[in-house]
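Notes follow the structure.
Just so you know, these numbers use all the heavy atoms, side chains as well, and skip hydrogens, waters and symmetry mates. Protein chains get the first letters and strands the later ones, always in sequence-line order, with residue 1 at the start of each.
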Amino acid sequence: MFGFSFRPRKNGSAQTAKERLQILLAHERAGGTSPDFLPTLQREILEVVRRHMEIDGDAVDVKLERGAELSSLEINIELPSGSKPAAQKSN
Amino acid sequence: MSKVIVVTSGKGGVGKTTSSAAISAGLAMRGHKTVVIDFDVGLRNLDMIMGCERRVVFDFINVIQGDAKLKQALIKDRRLENLFVLPTSQTRDKDALTKEGVKAVLDELREEFDYIICDSPAGIERGAHLAMYYADEAVVVTNPEVSSVRDSDRVLGLLNSKTFHAEKGEGAVKSQLLLTRFDPQRSASGEMMSVEDVLEILAIPLLGIIPESTTVLKASNEGTPVSLDEKSPAGKAYIDAVGRLVGEQIEMRVNPAERRGFLQRLLGRTA
């Protein structure tokens, strides 16, 4: 179009830059900026799980991976080896 | 009718002040009565780029606070008849900039000037917000680099929602892209995003492409707007961009040296 900007060669990093931006901006435009609900989500999951099991305060790990086609929310809950049901549930 | 144009970017160091100076000088060269305002309270720099740093007496904040008349604060350019600079304050705190104060100054300037160029500070805080708030149009300065493009996208979102025109439901501020520090050779080799890449991502009209050029630093060293150096590739590119800004149809072009280099590479590649 401007005579000097044909499709970049495949070995360049410009294509990577463009793809990263396209994915990131698609998310930022849709839902504001960063997902600041994640800390809240992590705390709430911890509360719910604790109603049923005894787990550590840092046992819940929430990760968000944003992709072009789909994003994934990964929630890992680590249970201690001798985990037992919470007191009020063991009737 | 006068036009208020904000030169903004989000990211710092991409060339907002250089572009504000070059665009305002370019407009004045075409005979339009133009004033360029520094909105970067606390970090005054437009005066140096315009080469009038030794003539600053009163500033934008003095005018807003009623300590000086607008006429006293405006610095007339020594090279161009129609060009004026309104410098910012260097010492006072940023809260001195108020929406009402900015409006009063812009209203008074609108009576006398054809173009009012607002040189925005980096970031999206108070100064940047007020620089864009009353704008009729925006020039979004962007480097072909990921953080600059991302910040420009953010700023475009603000231009579409957090400005006087947007809040009044009078439609979005007309925003155009000024791609600066562009290196055609690195772009052609795939090291740097192309003009089309950036346009595809930001999806706004292209105002101009300013090539990476040694004359930009030289102009800043000397306190001369780049557009006054009509022989330099960057100066020419700014002059073309100003033409487009006032509504002329000007073909996007690169300077001959860079075009020849590209053809050589192209031939080398296809042979």
Side-chain angles (χ1 to χ4, degrees), chain A residues 1-48 57-78, chain B residues 10 124 142-158 160-161 179 182-203 206 208-209 211 233 237 240 250-266 269-270:
Chain A
M1 185 179 175
F2 304 109
F4 51 81
S5 50
F6 285 103
R7 203 154 287 281
R9 283 185 226 168
K10 287 203 169 59
N11 59 4
S13 56
Q15 193 60 33
T16 313
K18 184 186 177 186
E19 286 164 10
R20 287 177 60 215
L21 275 168
Q22 283 174 324
I23 293 167
L24 178 72
L25 294 180
H27 287 95
E28 287 189 345
R29 285 168 187 161
T33 52
S34 61
D36 43 10
F37 62 87
L38 285 184
T40 313
L41 179 70
Q42 183 165 318
R43 202 185 60 242
E44 287 173 355
I45 288 172
L46 187 68
E47 282 170 13
V48 171
D58 56 359
V60 177
D61 184 33
V62 177
K63 277 184 195 150
L64 183 71
E65 174 88 33
R66 298 186 283 197
E69 298 299 320
L70 59 104
S71 301
S72 69
L73 181 65
E74 186 185 319
I75 300 169
N76 262 305
I77 305 171
E78 200 177 298
Chain B
I124 50 174
T142 308
N143 291 169
E145 180 273 323
V146 289
S147 55
S148 175
V149 175
R150 181 195 200 176
D151 290 358
S152 292
D153 190 76
R154 189 81 198 282
V155 159
L156 284 167
L158 297 175
N160 289 333
S161 60
L179 193 65
F182 182 73
D183 185 329
Q185 298 182 0
R186 298 187 74 190
S187 173
S189 70
E191 282 175 67
M192 180 183 269
M193 280 188 280
S194 69
V195 178
E196 286 91 343
D197 287 342
V198 181
L199 285 175
E200 193 184 324
I201 293 164
L202 294 178
L206 181 62
I209 307 161
D240 284 356
I250 299 170
E251 189 201 351
M252 288 289 166
R253 57 187 174 192
V254 254
N255 68 75
E258 281 155 348
R259 180 168 291 163
R260 190 169 58 244
F262 170 72
L263 284 173
Q264 280 167 351
R265 266 199 323 286
L266 185 69
R269 220 195 296 172
T270 49

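Rounding to the nearest 0.5 angstrom, the gap separating the CG atom in A/Leu21 from the CD atom in B/Glu145 is 8.5 Å.
When all heavy atoms are compared, the tightest approach of B/Ile201 to A/Lys18 is CD1-CG, 3.9 Å. Across A/Ala14 and B/Met193, no two heavy atoms sit closer than the pair CB-N, 3.5 Å. Of all heavy-atom pairs between B/Leu202 and A/Arg29, the closest is CA-NH2, 4.3 Å.
Atom CD of A/Gln22 is surrounded by more than 12 heavy atoms from other residues, nucleotides or ligands within 6.0 Å.
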